[in-house]
Amino acid sequence: MKVWVEGDRLRCNAPAGALTPEFRDQLRDRKTEIIGFLNMAAAAARQQPAIVPLQSRGARTPIYAVPGHVGAPFTFSDLSKRLGDDQPFYALQPAGYDGRIEPMDRIEDIAEYFAGQILKFQPSGPYVIAGYCSGAATAFEVARRLGQRGAEIQCLALFGPLHPSTYKVLPRLIIFFAKRRAAPLMRELAKLPSFGARLRYLASRFRNPGDRFRRILTSVREARETANADPVLESRARVKSTAITALRRYTPIPHQGRVCMFLPNKAWVRSGAAPLRWLEIAPQAEIYYGPKECDAPRMLEEPDAPAIAELYRESTRRLSGSN
């Protein structure tokens with residue numbers, strides 16, 4: 001016997017004599033329950049490993065969101081709740097987050113993986129592609145690749161976007177400032193008459209800082225030992241490090257479509273995240289600012305999630321008003 005759903009109707013194909021009057025009555029009386037179960041089973045069968053449904057109901061254009069380099073899909077939980085029951089919201093979980101496979105260290109590969117998962121889960125658009133923090137770069141690439149396949153991208157939404165250039169310049173800045181701080185020390189050492197005097201000077205200069213440095217090293221070592229002992233923490237650490245490597249290697253490519261940037265507050269444009277550099281490849285991007293008191297590192301969490309959700313709704317109203 002085969003039972004399936006067509007629209008809002010329950011269908012049954014059974015051999016002669018198998019569909020008794022009693023069984024037919026049960027199918028009729030429990031029709032709604034059976035249809036609900038079959039639909040849920042079908043959704044589970046379509047489920048892709050990268051797709052984490054935070055809110056699967058609603059008629060609005062679904063949001064597919066890339067988390068930051070930590071890779072945690074539930075970064076978007078509070079925002080999803082604040083957007084309401086009518087806004088489908090799916091977080092994208094990077095490969096390797098569950099520890100089953102190795103993470104990817106190229107934005108292009110991560111984006112291709114996400115794009116394929118989205119198309120398997122929802123073969124036709126429109127879509128909203130979102131990215132948070134360092135996930136903005138991956139979101140750009142996902143939107144571009146979906147667009148190349150003819151998919152309709154209603155909007156590319158970037159929440160607190162971190163520009164890849166910040167990771168490329170960071171090592172140079174560290175070396176620059178290290179040299180500046182080392183130069184006075186080297187001048188002082190050069191004035192001393194002997195190797196022994198220089199050793200005594202270094203010991204006196206770094207006695208206390210050395211103690212602090214040893215404590216830092218001990219903390220780092222303990223954290224690594226904990227991560228190695230816990231396979232979940234170890235896999236998450238690999239996801240984070242490879243995501244940073246991928247971001248450092250990536251050069252953003254323009255996306256021909258609507259881009260909306262949601263910044264925690266106006267002061268954040270002067271932060272090290274360099275969000276306005278995205279305007280170099282998306283000059284028409286719309287910028288929405290959160291309230292002055294918004295906590296930038298937790299902008300998608302309570303108590304700031306309602307304000308950011310309202311900014312997103314404002315962007316959708318603007319789109320509706322332009323049509």
Side-chain angles (χ1 to χ4, degrees), residues 47-56 58 62-85 87-99 103-104 107 110-111 113-115 117-118 121 127-143 155-164 166-167 227 232-233 235-244 246-247 250 260-265 268 271-273 275 278 288 290-291 294-313 315:
Q47 185 66 44
Q48 302 302 311
I51 309 293
V52 179
L54 301 179
Q55 162 61 271
S56 56
I63 299 172
Y64 293 88
V66 183
H69 56 267
V70 177
F74 295 101
T75 299
F76 301 102
S77 292
D78 291 343
L79 178 64
S80 173
K81 292 175 184 175
R82 291 294 181 173
L83 287 174
D85 294 340
Q87 175 60 69
F89 200 117
Y90 301 94
L92 297 173
Q93 178 174 289
Y97 188 78
D98 56 6
M104 302 173 183
I107 293 291
I110 301 170
Y113 172 68
F114 283 155
Q117 294 276 297
I118 291 170
F121 183 74
Y127 313 95
V128 171
I129 304 301
Y132 168 64
C133 192
S134 60
T138 305
F140 245 97
E141 189 66 20
V142 170
C155 180
L156 176 58
L158 309 179
F159 296 93
L162 175 68
H163 195 273
T166 60
Y167 273 95
V232 173
L233 293 178
S235 65
R236 304 288 165 80
R238 286 201 302 272
V239 167
K240 181 178 179 179
S241 64
T242 53
I244 292 174
L247 187 66
Y250 183 64
C260 295
M261 293 200 298
F262 303 91
L263 309 186
N265 49 60
W268 201 70
S271 72
W278 289 107
Y288 299 83
C294 180
D295 181 15
R298 297 178 177 84
M299 63 180 290
L300 302 185
E301 303 173 16
E302 299 292 344
D304 295 315
I308 304 303
E310 180 55 34
L311 292 180
Y312 180 81
R313 282 191 288 268
S315 73

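Index from 1, following the sequence.
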Is there a donor-acceptor pair closer than 3.5 Å between any side-chain N or O of [X] and the backbone N or O of [Y]?
| X | Y | result |
| --- | --- | --- |
| S77 | F74 | yes |
| E141 | A111 | no |
| N265 | C294 | yes |

Exercise for the section: State yes or no: are the ring centers of F159 and F262 separated by less than 6.0 Å? Expected result: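 Yes, they do, as the ring centres are separated by less than 6.0 Å.
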Exercise for the section: Give a yes or no on whether the ring-centroid distance for Y90 and F121 is below 6.0 angstrom. Expected result: yes
Validation row: [X], [Y] side chains within 4.5 angstrom (heavy atoms):
| X | Y | result |
| --- | --- | --- |
| S315 | Y288 | yes |
| V142 | I110 | no |
| P88 | S56 | no |
| T138 | L92 | no |
| Y312 | Q87 | yes |

Spatial distance of atom [atom1] ([X]) from atom [atom2] ([Y]) [nearest 0.5 Å]:
| X | Y | atom1 | atom2 | value |
| --- | --- | --- | --- | --- |
| R82 | E302 | CZ | CD | 4.0 Å |
| L79 | L83 | CG | CG | 4.5 Å |
| M104 | T242 | CE | OG1 | 10.0 Å |
| S134 | L162 | OG | CG | 6.0 Å |
| I63 | S80 | CD1 | OG | 8.0 Å |

Problem - F114 and V66: CA distance, side-chain angles, deciding distance, side-chain contact (heavy atoms from CB on, under 4.5 Å) verdict - result: CA-CA 9 Å; F114 283 155; V66 183; 4.0 Å; yes
Practice task
Step by step, work out the side-chain contact (heavy atoms from CB on, under 4.5 Å) result for L54 and V52.
Solution key: CA-CA 6 Å; L54 301 179; V52 179; 4.3 Å; yes
Fill in the blank from the handout: Paired with E301, the side chain to side chain contact (heavy atoms under 4.5 Å, CB included) test is passed by just one of D78, T75, I308, namely D78
For [X] against [Y], the heavy-atom pair lying closest together:
| X | Y | answer |
| --- | --- | --- |
| A307 | P291 | CB-CD, 3.8 Å |
| A139 | L156 | O-CD1, 3.6 Å |
| L247 | P164 | O-CB, 3.5 Å |
| A95 | Y113 | N-CE2, 3.9 Å |
| Q93 | P73 | OE1-CG, 3.6 Å |
| P161 | L263 | CD-CD2, 3.6 Å |

Exercise for the section: Give the intermediate values and the outcome of side-chain contact (heavy atoms from CB on, under 4.5 Å) for residues Y132 and L158. Expected result: CA-CA 6 Å; Y132 168 64; L158 309 179; over 6 Å; no
